[in-house]
Amino acid sequence: MMSFPATTWDIGILSAACAVVILMASEVISPHYGRTSILLDLRKLRIAAAAFVVAFIAIGIANIVTLVSG
Amino acid sequence: MNGNSGTVRDYSSALAGQTRSQVSASTALRAENSRPKKKRSHFQFMSTLTIGIALIAVGGASLVVSYVFSSVVITLAGLGLVFWGVTILYISPSKYVPENVLTLLSLSTIKSIDRMLVNMNYRGKTIFVHPRHLKGLAQGYVFVPYDSSFRGSLPNEEQLAEERMHYEDPKGIFMVAPSQGLVDLVEKELDVNLATVDMEYLKENLPRLLTNNLRIIDSIAIQDLQGSVRVDIVGDSAATLCKAVSKETLIGNHFGCPLCSSLALMISKVVGKPVTIQENKVNDIEGTIVNTYRVIDRA
């Protein structure tokens with residue numbers, strides 16, 4: 001039977017993990033890696049990390065509300 | 001093929017009148033040009049757009065497959081790839097210009113002005129003036145006196161409003177400041193006319209703009225001294241360009257690099273008086289610039 005196996009908790013945990021990795025990356029990596037010449041905007045990277053954190057918190061609150069009300 | 005053969009024959013007949021060494025050099029150059037280039041340019045960079053779209057595509061495909069097979073592992077992998085794809089698309093800088101290009105463009109412009117002034121024997125110290133009260137002059141100008149010992153006054157406001165290039169009393173060249181662009185950009189970003197603010201406003205807002213928003217330097221400190229303004233700048237790119245200007249031009253120390261001359265214009269506009277670069281110390285190894293601007297009271 002075809003179904004989407006991931007729950008909102010899974011997506012929330014994935015968001016949290018992504019946020020941690022991105023935040024750490026924004027602190028330690030250089031905006032310009034010479035070997036591949038890929039350019040990064042570190043300020044936007046930190047904003048992306050914050051967005052993932054917000055997504056994680058929103059999913060967490062939504063789940064708690066569902067548990068309490070249901 | 002025939003066209004190519006014809007071209008080669010034309011070259012051969014054109015080369016007939018040359019000496020053997022010239023012919024061999026030309027042949028070597030042609031061979032070099034026709035050889036495929038293996039080394040890629042330093043300025044060529046891989047687009048993060050391609051990487052982002054590829055990650056999103058693979059992630060989307062993984063999500064479809066995970067839906068069909070109900071696989072948690074593939075779902076999480078797909079979500080991760082989509083997240084990273086979107087993130088990479090978002091964090092890619094919208095515009096990219098190699099620093100070397102900007103440095104060389106700025107340097108060549110200043111060298112051109114330097115050569116012109118030196119050939120015309122204008123040896124005076126550059127005076128930056130951003131008039132506030134003149135009709136029609138809504139931008140910064142530089143006045144380069146003919147005499148290196150010039151200590152007199154600038155032409156009066158009526159004379160300057162004529163927007164002539166040459167002035168005889170005092171003798172000098174009056175031209176639009178090449179670094180006016182940064183002043184305009186600062187005013188646009190701060191959404192303020194610098195003629196209406198004071199030094200305190202500049203000290204408070206300019207460092208944040210230049211370091212956080214425009215990101216052309218790492219830090220800047222402005223000190224308002226008695227009759228002069230000291231500016232300490234930290235930034236590798238700015239220091240490298242400033243050092244190159246000082247080293248490769250005769251007027252560099254007082255005409256200033258684009259950043260130093262822009263700051264002179266900003267100070268002139270804020271205080272409402274002409275300004276000169278009194279002292280310019282650059283350390284390109286440590287990436288520091290220390291400028292002292294003298295505010296001229298007699299305008």
Side-chain angles (χ1 to χ4, degrees), chain A, chain B residues 39-56 59-60 62-101 208 211-216 218 236-237:
Chain A
M1 178 188 164
M2 290 192 293
S3 65
F4 194 67
T7 62
T8 49
W9 274 117
D10 296 328
I11 295 172
I13 296 295
L14 189 65
S15 298
C18 283
V20 171
V21 173
I22 291 173
L23 199 58
M24 285 171 66
S26 72
E27 292 299 328
V28 296
I29 64 171
S30 163
H32 176 226
Y33 179 55
R35 190 176 289 271
T36 58
S37 296
I38 291 175
L39 293 161
L40 301 174
D41 189 336
L42 293 185
R43 197 167 62 94
K44 284 186 175 178
L45 198 61
R46 290 191 191 101
I47 294 171
F52 278 119
V53 169
V54 169
F56 169 66
I57 291 170
I59 289 169
I61 290 171
N63 280 319
I64 290 167
V65 169
T66 309
L67 281 175
V68 170
S69 62
Chain B
K39 191 178 177 186
R40 297 177 71 191
S41 167
H42 288 295
F43 295 145
Q44 198 167 7
F45 70 100
M46 188 192 298
S47 170
T48 45
L49 183 74
T50 314
I51 300 169
I53 289 172
L55 284 176
I56 291 171
S62 300
L63 289 176
V64 172
V65 171
S66 73
Y67 180 72
V68 173
F69 294 102
S70 299
S71 167
V72 178
V73 175
I74 299 175
T75 304
L76 291 177
L79 282 172
L81 287 171
V82 170
F83 281 177
W84 277 105
V86 172
T87 306
I88 282 178
L89 282 186
Y90 174 64
I91 64 175
S92 305
S94 55
K95 287 171 188 168
Y96 165 71
V97 180
E99 185 186 310
N100 287 355
V101 175
R208 180 177 49 80
T211 55
N212 295 346
N213 298 27
L214 301 179
R215 284 180 271 176
I216 54 176
D218 295 332
D236 286 332
S237 310

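Chain A is the first sequence line, chain B the second, and so forth, proteins listed ahead of strands; every chain is numbered from 1.
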message: For a quick test of reading the model, state the closest non-hydrogen atom pair linking Pro5(A) to Ser71(B) and the distance between them.
response: CG-O, 3.4 Å
- request: Might you point out which heavy atoms bring Leu76(B) and Asp10(A) nearest each other, and give the distance in Å?
  value: CD2-CB, 4.1 Å
- line: One should read off an interatomic distance between Leu14(A) CG and Thr75(B) OG1, to the nearest 0.5 angstrom, of 10.5 Å
Chain B-proximal positions within residues 17-25 of chain A [heavy-atom distance under 4.5 Å]: Cys18(A), Val21(A), Ile22(A)
